[in-house]
Amino acid sequence: MRVLSGIQPTGRFHWGNYFGAIRQYIALQGQEQSFFFIADFHALTTIRDRDLLRQNIRDAAMDLLALGLNPDRACLFRQSDVPEVTELTWLLMTITQMHLLEKCHAYKDKKAKGLAADAGLFTYPVLMAADILAYDSTHVPVGADQIQHVEVARDLAQRFNSIYGDCLQLPEAMVLPESAKVPGLDGEKMSKSYGNTIDIFETPKKMRKKIMSITTDSTAVESPKNADTCTVFELYRLFADEQRQAALRQRYEAGGMGYGEAKEQLFQAAMEMFGPAFERRAALEANPDQLEDILRQGAAKARARAQEVLARVREACGLLAKPV
Ligand code: ADP
Ligand code: TRP
């Protein structure tokens with residue numbers, strides 16, 4: 001099993017990112033080989049401020065390490081440190097049919113809103129396919145919204161193999177169904193673009209304030225409440241074990257509990273889960289050279305594998321295995 005995933009450094013990570021995606025990568029580290037990268041080339045389709053991009057890349061790396069990504073068990077690197085990936089993107093582009101990209105949601109959604117999309121966004125799924133195929137990845141843990149892109153990678157690998165002979169490994173998406181949609185403050189899907197996020201590394205004071213602002217219904221304090229339709233409880237389930245969930249559910253059903261109390265419990269549970277990561281993050285922040293070393297060592301390992309794959313691919317198409 002060779003696991004690979006990437007995450008875009010487009011802002012600070014929120015609970016949706018953690019439960020929908022990051023948590024899975026961390027659980028899978030230490031497989032035969034695992035690669036996790038910061039998708040900075042992808043982020044260039046939306047961020048065009050160099051200082052912001054640099055800061056986001058550093059923040060993304062520190063967040064992942066603080067949350068438990070262990071560089072001895074998984075290779076953490078920046079996408080842009082492996083130029084073989086952009087080379088593979090071109091080779092794949094030459095066999096990518098337009099209709100395959102026209103139906104991909106990143107581009108289709110933007111076009112449906114009447115916004116101008118550039119070629120980077122249109123061809124983004126090909127870059128993502130190269131990200132996956134350049135390392136012979138077998139399993140790709142992603143959030144539910146990325147399944148379509150992993151399917152594109154599969155389709156392109158199949159098409160490449162049918163033209164040039166068996167050469168690329170077909171990858172499979174892995175999705176955790178129970179965390180497919182983490183709700184935000186307003187009960188809609190938590191997303192940066194909806195402004196309804198709770199960031200993982202929010203200061204405790206800000207996190208508490210945000211939790212207190214989660215939308216709830218107007219059931220009176222003394223009345224019984226329905227845990228299953230409550231955003232606070234939906235979030236609490238992500239943090240608490242079954243016993244604690246059952247205890248809070250009982251408080252909902254018995255009546256006499258205001259939503260403020262449930263929110264307080266959610267805050268406590270979140271602090272318990274993320275508290276140790278806060279400390280690890282502060283240590284990383286104090287040592288920028290160590291961070292850079294981890295990313296460089298990660299890139300060197302990832303690149304060695306990508307070079308092997310690229311030699312195979314170049315030769316299959318009739319090019320020299322290595323540029324002179
Ligand atoms: P955002 O919607 O805030 O821009 P991204 O699209 O950058 O987040 O998401 C990065 C990863 O986190 C993706 O794999 C995505 O599936 C996952 N993810 C984001 N928001 C959620 C959510 N609310 N629930 C589950 N997974 C999510
Ligand atoms: N497109 C993914 C996202 O927006 C990030 C990503 C880029 C990725 N390349 C990847 C994820 C390869 C998995 C595998 O969330």
Side-chain angles (χ1 to χ4, degrees), residues 2-26 28 34-47 56-57 59-60 63-64 67 74-80 82 85-86 88-89 92 104-107 109-110 120-121 123-154 156-157 169 171-200 231 234-235 237-238 302 306:
R2 256 185 317 276
V3 179
L4 168 132
S5 198
I7 194 153
Q8 293 201 37
T10 44
R12 295 307 297 275
F13 297 139
H14 53 71
W15 289 5
N17 300 140
Y18 181 73
F19 290 105
I22 296 169
R23 182 176 59 158
Q24 292 187 77
Y25 314 162
I26 291 172
L28 287 164
S34 339
F35 295 109
F36 298 111
F37 64 90
I38 296 164
D40 49 3
F41 273 148
H42 281 281
L44 282 171
T45 62
T46 48
I47 300 185
N56 281 356
I57 295 168
D59 278 331
D63 284 0
L64 292 172
L67 288 168
C75 196
L76 176 67
F77 61 102
R78 286 175 288 241
Q79 178 185 32
S80 60
V82 185
V85 167
T86 36
L88 182 57
T89 303
L92 293 173
C104 284
H105 56 70
Y107 167 75
D109 294 353
K110 195 155 184 183
L121 188 73
T123 55
Y124 153 113
V126 187
L127 176 58
M128 179 156 163
D131 286 330
I132 296 170
L133 302 174
Y135 307 98
D136 282 338
S137 319
T138 59
H139 293 82
V140 186
V142 280
D145 61 328
Q146 297 296 321
I147 298 175
Q148 184 187 44
H149 297 145
V150 182
E151 291 299 321
V152 169
R154 243 185 115 80
L156 293 183
Q169 167 75 44
E172 250 176 64
M174 296 174 86
V175 182
L176 274 187
E178 72 270 24
S179 51
K181 191 187 136 220
V182 176
L185 300 176
D186 53 358
E188 296 302 315
K189 181 184 176 196
M190 188 178 284
S191 170
K192 278 190 292 291
S193 39
Y194 301 151
N196 63 356
T197 57
I198 305 178
D199 290 351
I200 302 170
T231 305
E234 212 179 319
L235 290 168
R237 289 177 58 172
L238 297 167

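Scope of the values below: all heavy atoms of this structure, side chains included, with no hydrogens, waters or symmetry mates. The shown structure was predicted, so the numbers you read here are calculated from the model rather than taken from an experiment. As the structure lists them, so they are numbered: ligands from 1, and atoms in each ligand from 1.
- Of the candidates Ile7, Val142, Asn17, Asp145, Asp145 brings a heavy atom nearest to atom 13 (C) of ligand 1.
- With a heavy-atom cut-off of 4.0 Å, Gln146 touches ligand 2 through its side chain alone.
- Interface of Phe37 with ligand 2, defined as ligand atoms under 4.0 Å from a residue heavy atom, comprises 9 (N), 10 (C), 12 (C).
- The protein heavy atom nearest to atom 5 (C) of ligand 2 is Gly6 O, 3.4 Å.
- Contacts between Leu127 and ligand 2 below 4.0 angstrom, taking non-hydrogen atoms only, are absent altogether.
- The distance from atom CG of Leu133 to atom OG1 of Thr89, rounded to the nearest 0.5 Å, is 9.5 Å.
- Atoms of ligand 1 lying under 4.0 Å from at least one heavy atom of Lys181, given by number and element, are 24 (N).
- The ligand atoms of ligand 1 that sit less than 4.0 angstrom from a heavy atom of Met190 are 20 (N), 21 (C), 22 (C), 23 (N).
- At a 3.5 angstrom cut-off on N or O pairs, Lys189 does not count as close to ligand 1.
- In Asp145, neither the side chain nor the backbone holds a heavy atom less than 4.0 Å from any atom of ligand 2.
- Residues Gly11 and Asn56 approach most closely at N-ND2, 3.7 Å, considering heavy atoms.
- Close contacts of ligand 2 with His42, meaning ligand atoms under 4.0 Å from a residue heavy atom, involve 7 (C), 9 (N).
- Within the 4.0 Å heavy-atom criterion, the part of Ile132 lying near ligand 2 is the side chain and not the backbone.
- Protein heavy atom in closest approach to atom 9 (N) of ligand 2: Asp131 OD2, 2.8 Å.
- The ligand atoms of ligand 1 that sit less than 4.0 angstrom from a heavy atom of Ser191 are 1 (P), 2 (O), 3 (O).
- Residue contact check: Lys192 has heavy atoms under 4.0 Å from atoms 1 (P), 3 (O), 4 (O), 7 (O), 8 (O) of ligand 1.
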Chi angles and distances behind the ring pair (Phe, Tyr, Trp, His ring centres under 6.0 Å) call for Tyr135, Phe77 = CA-CA 13 Å; Tyr135 307 98; Phe77 61 102; 5.7 Å; yes
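- Close contacts between ligand 1 and Gly143 involve ligand atoms 14 (O), 16 (O) [criterion: under 4.0 Å to a heavy atom].
- Classification of the Tyr124-His42 ring pair by plane angle, with boundaries at 30° and 60°, yields perpendicular.
- At a 4.0 Å heavy-atom cut-off, ligand 2 does not touch Gln79 at all.
- The closest heavy-atom contact to atom 14 (C) of ligand 2, among the options Thr45, Val140, Ile7, Leu133, comes from Val140.
- Closest to atom 1 (N) of ligand 2 among all protein heavy atoms lies Tyr124 OH, 2.6 Å.
- Of the possible donor and acceptor atoms, one in the side chain of Arg154 sits under 3.5 Å from a partner among the backbone N and O of Pro171.
- Of the N or O atoms in Gln8, one or more lie within a sub-3.5 Å distance of an N or O in ligand 2.
- The shortest N or O to N or O distance between Ala21 and ligand 1 is not below 3.5 Å.
- Closest non-hydrogen pair, Leu121 versus Thr45, comes out as N-CG2, 4.1 Å.
- Of the N or O atoms in Ser5, none lie within a sub-3.5 Å distance of an N or O in ligand 2.
- The CZ atom of Arg78 sits 7.0 Å away from atom CD1 of Ile57, with the distance rounded to the nearest 0.5 Å.
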